[in-house]
Amino acid sequence: MRIEQVWCGVVALVLALPAASARALRDTAVTVQIASGVLAGVEHDGIDAFKDIPYAAPPIGALRWRAPQPVAPWAGQRAATDFGPSCMQKTPVRGVVAGNPGAKASEDCLTLNVWTLAAHNARRPVMVWLHGGGNVEGSAARTLYDGAAFARDSVVFVSVDYRLGLLGFFAHPSLTAAAGTEPAANFGLQDQVAALEWVKRNVAQFGGDPANVTVFGESAGGEDIRNLMNMPAARGLFERAIIESGGGGWQNPPTMREAENAGAAVATALRLPGSNTTVAQLRGVPAESILALGDSLLTGPIVDGKVLLKPPLAGFADGSAMDVPLIVGTNSEEGSLLTEAPAFGALFPRINPANLARLRASYGAAATADSDFTKLLFRDGYFAGPSRAIARRKASAPTWLYRFDYVLSVLRRTRAGATHGSELPYVFTNWPLPLVIPGDRHIQNVMHGCWVAFARTGEPQCAGMPAWPRYDAITDRLMLIGDTLAAAPNPAGPVLDILAQLLHH
C-alpha cells in the first residue's frame, strides 16, 4: 500500500469531526466570474475556496476515450462549495472524508479546485497539483491535499482530477481509426493539459498570475509532469515544475502499436471481438466492468506520436524537453512501495546475474538480506536513478536535486527512513499526527517554504535551508533533507552510475 494512502486515511478520520459543522456556520458565500459562468464558493478565515469547477465536458457516452472537449457555459450561479466526484478507479477512493462527494467515483470527473486569498485583485504565483496513485487511483479531494496553507502564503493553489486506469490510458485500433487527426491515447495526460489551459484562461479571476504557473506532483503525478515536459501541447502552459518521487523507472512507455495490441486484449477480456471491436461496443461497456479487469494491463502513458512523441528520458537527454526551472527528488525509502519483494529478474530483466552481484557489492552490508537488496535496487532503479538522469538534462534552465530522509519523531521506532509519499504532509502542512520535536516543525517550514519560494521566484531558497546549489552533473551535489540539512554529494552516486550504464537506453 502506498504511504500516501495511510496518511490520507488517518487525516480523513481526524478531520471528520462535529467541529466541521460549526466551522461551516462561519463560512461566507463568495462568487467569481470565469469564462464559462459564475461560481459560488465559500470564504473562510480570509481564504476563498472554489471546488468542483469543470475544466472540460464530462467524458461520458460518445466522449469516453476522446480528447477533452470544451465546457458548456451555464446560466446563473454554479455551486462550487464542495468537491465533485473522483475519477473512476477500481479501489474505493481513499483519504476523503466519508460522505463528501469526492469519496464517490464517476466518469463525470473532469473538475479542479482553487484556493486563494479573498482579495482577487492581485497577480499571485499559481501552483497546480497533480495527485499520485499510479495513474490508476487517487483524488484531488483527499484531505491531505487541502490548499489553504498555500493560499495563506499568497499562492493560488489548484488541484486537478484526471482520468485514470483504462479510462485514462488506453488505446484500441478502432478508437485510432475513428479519431482521425485527433489524439487517440493518453487521455489522462490530455486532461492535465486541458486543466492547465483552463488555468491560463481563468486564474487571473482568482488573483493568480497566468504568466507564473508552477506544476507539481508526487509519484504518478510527478511522472506525469516529466511527460508534460515532453509534450508539444503543454508548451507554454507552465513556467516551473516540481517532480516528487516521480522518476518512473528506466523503462520506455509502450508504443502505440503495443498499446493497441493491449487494448485488443482488453476487448477480448470483456468478451468483445478483440481488435475487431467497434467504438460503439467499447463505449457501451459499463465503466465498472472495464475497471474490474485490474491494473496489470497497460494503463500508463503511451508514446503515441501525437500527445507524447518520444520516451521522456530521451527528451531530457537530447534537450527537446521543456526548458523550465525544475526541482526533482526522491525519498530515502522508496522501496516501501514493495509490500511483497518480487524476484530481481522481474524488477530489471535486462540486468544479468553478474551485474546483479556487482550492484549488491556496491551496497555493502545494507544489502545483506535479499529483501533489503530488492528494496534498495527498486529505490535507485525506479526513482533515484531516473530522477538524477532528469536533473542531468540538456537545458539552460536550472535544476535542483534533493533527497528527503526525514522521519517524523513519533514514527521513529518503526521507520528508519522516509517512505514513499512521506514528504507530502510537510509540503502541504496538513497533519494527522503531532509534531512533537522542533525538528518536525522545522522540516515542515523548510519543505513548504522552499516550494512556495520556488513558485514565487524560481529559486528554492527559504528560511532555515542552507544555500541549495543548482545541480551540476560533475559535482553531483543535492540537498539532503533529514535531521540535518546539507548540500552534499549524492550518497547513492556510485550505484546510480552503474545502474545508468546497465539500464539507460
Side-chain angles (χ1 to χ4, degrees), residues 31-39 41 47-57 59 67-73 78 80 83-84 87 109-117 119-131 139-141 145-148 150-151 153-163 187-218 221-222 224-225 227-229 231-243 307 322 324-326 428 451-452 454-456 458:
T31 62
V32 64
Q33 173 79 55
I34 63 172
S36 48
V38 178
L39 296 168
I47 295 173
D48 290 352
F50 298 89
K51 302 174 182 177
D52 190 25
I53 307 170
Y55 64 84
Q69 302 298 306
V71 173
R78 176 186 170 96
F83 296 105
C87 287
C109 64
L110 299 188
T111 61
L112 50 77
N113 316 287
V114 179
W115 284 260
T116 184
L117 288 177
H120 294 184
N121 57 342
R123 283 296 180 267
R124 294 186 284 270
V126 181
M127 297 186 75
V128 179
W129 173 250
L130 301 180
H131 68 75
S139 170
Y145 304 147
D146 183 278
F150 286 98
D153 286 330
S154 294
V155 168
V156 178
F157 176 87
V158 182
S159 60
V160 178
D161 277 305
Y162 55 94
R163 281 175 281 183
F187 306 103
L189 293 178
Q190 293 187 66
D191 294 342
Q192 294 166 10
V193 169
L196 289 166
E197 291 173 337
W198 183 97
V199 168
K200 285 291 188 182
R201 290 194 305 270
N202 294 284
V203 79
Q205 301 304 112
F206 301 87
D209 183 354
N212 184 7
V213 176
T214 298
V215 62
F216 71 130
E218 182 266 346
D224 288 346
I225 290 170
N227 289 305
L228 288 170
M229 291 179 71
M231 289 166 48
R235 289 191 175 273
L237 296 181
F238 54 92
E239 284 67 43
R240 303 181 181 102
I242 303 173
I243 299 175
V307 176
M322 197 181 301
V324 297
L326 171 68
F428 282 86
W451 268 219
V452 169
F454 180 69
R456 186 176 293 141

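All figures in this text were calculated on a predicted structure; none of them were measured in a lab.
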Polar side chain donor-acceptor pair, T116 to D48, under 3.5 angstrom
no
Go through the steps for F238 and V128 under the test side chain to side chain contact (heavy atoms under 4.5 Å, CB included), then give the verdict.
CA-CA 9 Å; F238 54 92; V128 179; over 6 Å; no
Closest heavy-atom pair and its distance - W198, P54
NE1-O, 3.9 Å
Partner set under salt bridge (Lys or Arg N to Asp or Glu O under 4.0 Å) for R124, not counting sequence neighbours:
none
Rounded distance (nearest 0.5 Å) linking atom OG1 of T31 with atom CG of L39
9.0 Å
If you take all heavy atoms of P125 and A455, which pair is closest and at what distance?
CB-O, 3.6 Å
What's the spacing between I34 CD1 and F206 CZ if we round to 0.5 Å?
5.5 Å
Close aromatic pair by centroid cut-off 6.0 Å: F216 and W451:
no
Mind checking what makes salt bridge (Lys or Arg N to Asp or Glu O under 4.0 Å) contact with R456, not counting sequence neighbours?
none
Distance (rounded to the nearest 0.5 Å) between N113 CG and I53 CD1
6.5 Å
Tightest non-hydrogen contact, residues N202 and A35, listed as OD1-N, 3.0 Å
Answer yes or no: is there a side-chain heavy-atom contact under 4.5 Å between P210 and V126?
no
Closest approach of Y55 to D191 (non-hydrogen atoms, all atoms of both residues)
CE1-O, 3.2 Å
Run the side chain to side chain contact (heavy atoms under 4.5 Å, CB included) test on Y145 and S139 for me, step by step, so that the C-alpha distance in whole Å, both residues' side-chain angles and the decisive distance to 0.1 Å come before the verdict.
CA-CA 9 Å; Y145 304 147; S139 170; over 6 Å; no
R163 side chain to Q190 backbone, donor-acceptor under 3.5 Å
no
For the residue pair K200 and A211, what are the closest heavy atoms and their distance?
NZ-CA, 4.0 Å
Any idea which heavy atoms bring A151 and I47 closest together, and the distance?
CB-CG2, 3.8 Å
Check: L228 and V193 side chains under 4.5 Å, non-hydrogen atoms
yes
Any side-chain hydrogen bond (donor to acceptor under 3.5 Å, both in side chains) pairs touching residues 204-216, not counting sequence neighbours?
N212-R240
Criterion side chain to side chain contact (heavy atoms under 4.5 Å, CB included) on E239 and V324, from CA distance to verdict
CA-CA 6 Å; E239 284 67 43; V324 297; 5.7 Å; no
Among D153, V155, V215, which one satisfies side-chain contact (heavy atoms from CB on, under 4.5 Å) with M127?
V155
Spatial distance of atom CG (L130) from atom CG (D224) [nearest 0.5 Å]
6.5 Å
Could you please spell out the steps behind the side chain to side chain contact (heavy atoms under 4.5 Å, CB included) verdict for V307 and F187?
CA-CA 9 Å; V307 176; F187 306 103; over 6 Å; no
Looking at CD1 of I243 and CD1 of I225, how far apart are the two atoms once the value is rounded to the nearest 0.5 Å?
6.0 Å
Between the side chain of Y162 and the main-chain N/O of C87, is any donor-acceptor distance below 3.5 Å?
no
Centroid separation F150 to F428 less than 6.0 Å
yes
Under the 3.5 angstrom rule, does the side chain of D52 hit a backbone N or O of T111 as a donor-acceptor pair?
no
I need the E197 CD to Q192 CD distance, nearest 0.5 Å.
12.5 Å
